[in-house]
Asker: 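Dropping the structure in here first, questions after.
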Amino acid sequence: MRLHPPSVVVFSGSSNQPLVQEICNHLGITHGHMDIRRFSDGEIYCRPTMHIRGKEVFVIQSTNGGSDYIIELLIMIDALKRASAEKITVVVPYFGYARQDRKTKSREPITAKLMANIIQTAGATRFMSVDLHAGQIQGFFDIPSDNLTAALLFKNYFLSKHLEQPIIVSPDMGGVERAKVLSRMLHCDIAVCQKNRTETDQVDSMHLIGEVQGKSAILMDDIISTGGTLCKASELLMRKGAKEVFACISHGLFVGNCLEKMNSSVFKEIVVTNSVNHPKELLQTCSKLKILSIAPLIAEAVFRICMNMSLSEVFDDISGPTLFKDHQLPE
Ligand code: R5P
């Protein structure tokens with residue numbers, strides 16, 4: 001894959017530089033340099049150190065971990081807009097604050113919409129993410145927005161395991177559509193856990209809808225945070241007679257003692273992408289963890305956007321025949 005260096009520049013925020021480096025390797029370019037610093041009071045300073053007037057720029061930043069990365073992203077977009085970039089595509093592999101995507105009680109905020117508003121106001125001309133918490137969040141943006149899916153990576157991974165009787169399990173009602181996508185790719189059934197929460201971060205009770213007896217259950221979720229949801233679901237599946245339980249999760253937040261919990265869980269393997277960056281030493285503490293890279297997926301999308309090529313023809317095709325092929329831009 002080769003992008004024409006003078007017209008396209010990819011910038012990285014601080015949240016996941018290894019991923020951006022990998023994406024740039026796939027595209028055959030070096031990333032643009034952004035000077036990111038802190039003032040002594042903690043405020044953030046960002047300035048591209050190269051001229052970008054009239055260029056098509058991509059800013060890649062996951063917005064996990066509270067508010068610093070989203071603020072840094074907004075400041076980068078503002079700097080790029082004021083430096084006269086022609087197009088600013090904001091790539092947020094993990095889009096934080098997305099779980100509050102509707103009011104479930106009166107007087108609650110809708111933070112997913114708020115994040116969409118501020119990203120656009122800062123100057124983004126296009127938005128792209130991976131496995132948004134809910135597909136309809138795309139509609140919170142009034143600029144073109146794309147929601148890529150890691151399901152293609154999970155499909156290839158689980159096909160290579162040759163499981164005899166796989167079944168995809170969604171740990172909650174909200175994840176059913178996501179589970180359906182993977183079940184179509186693997187030509188298998190789905191089951192669903194019905195989850196009730198008492199506190200924002202605690203799962204209270206869970207019931208299973210579907211039959212998992214003797215099957216290899218693959219729990220699929222968009223986020224693992226404390227690990228409470230997946231642990232509870234995996235135990236339920238084993239009680240219901242599953243032969244073994246795997247998990248595949250798009251975004252690993254690994255809050256608190258999540259990885260310790262995973263080590264002592266019934267999971268055979270926990271497959272997660274690198275949309276959120278963690279120190280290697282932390283990831284190595286969990287022997288069941290398998291990390292798949294979303295760099296080729298994002299690189300393919302960046303390439304297609306630059307070339308005005310269709311994204312859907314690749315990403316909506318559940319067999320994904322043309323995915324991750326090497327491309328050469330015409331001179
Ligand atoms: C919730 O709706 C999400 O899809 C995940 O199930 C949730 O964020 C996982 O959180 P935890 O790992 O803390 O149970």
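Residues take their numbers from the sequence shown, with the count starting at 1. Indexing begins at 1, ligand by ligand and atom by atom, following the structure's order. Worth knowing before you read on, the calculation uses all heavy atoms, side chains too, and leaves out hydrogens, waters and symmetry mates.
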Asker: Any salt bridge between Lys288 and Glu269, counting N to O under 4.0 Å?
Answerer: no

Asker: Where do Leu182 and Ala151 come nearest, in terms of heavy atoms and distance?
Answerer: CD1-O, 3.8 Å

Asker: Tell me whether the rings of Phe141 and Phe95 are parallel (<30°), tilted (30 to 60°) or perpendicular (>60°).
Answerer: tilted

Asker: Step by step, would you call Ile168 with Leu186 a side-chain contact (heavy atoms from CB on, under 4.5 Å)?
Answerer: CA-CA 9 Å; Ile168 311 303; Leu186 295 179; 3.8 Å; yes

Asker: Can you check which of Thr229, Asp221, Thr226 brings a heavy atom nearest to atom 5 (C) of ligand 1?
Answerer: Asp221

Asker: Under 30°, 30 to 60°, or over 60°: which ring-plane class applies to Tyr45 and Phe39, parallel, tilted or perpendicular?
Answerer: perpendicular

Asker: What atoms of ligand 1 come within less than 4.0 Å of a heavy atom belonging to Arg99?
Answerer: 8 (O)

Asker: Heavy-atom distance to atom 3 (C) of ligand 1: which of Leu253, Ile249, Asp222, Ile224 wins?
Answerer: Asp222

Asker: Run the contact test for Lys232 against ligand 1 with a 4.0 Å cut-off on heavy atoms, strictly below, and give the result.
Answerer: no

Asker: Say whether Gly227 and ligand 1 are in contact under the criterion: heavy-atom distance to a ligand atom below 4.0 Å.
Answerer: yes

Asker: Which ligand 1 atoms are under 4.0 Å away from a heavy-atom of His133?
Answerer: 1 (C), 2 (O), 3 (C), 4 (O)

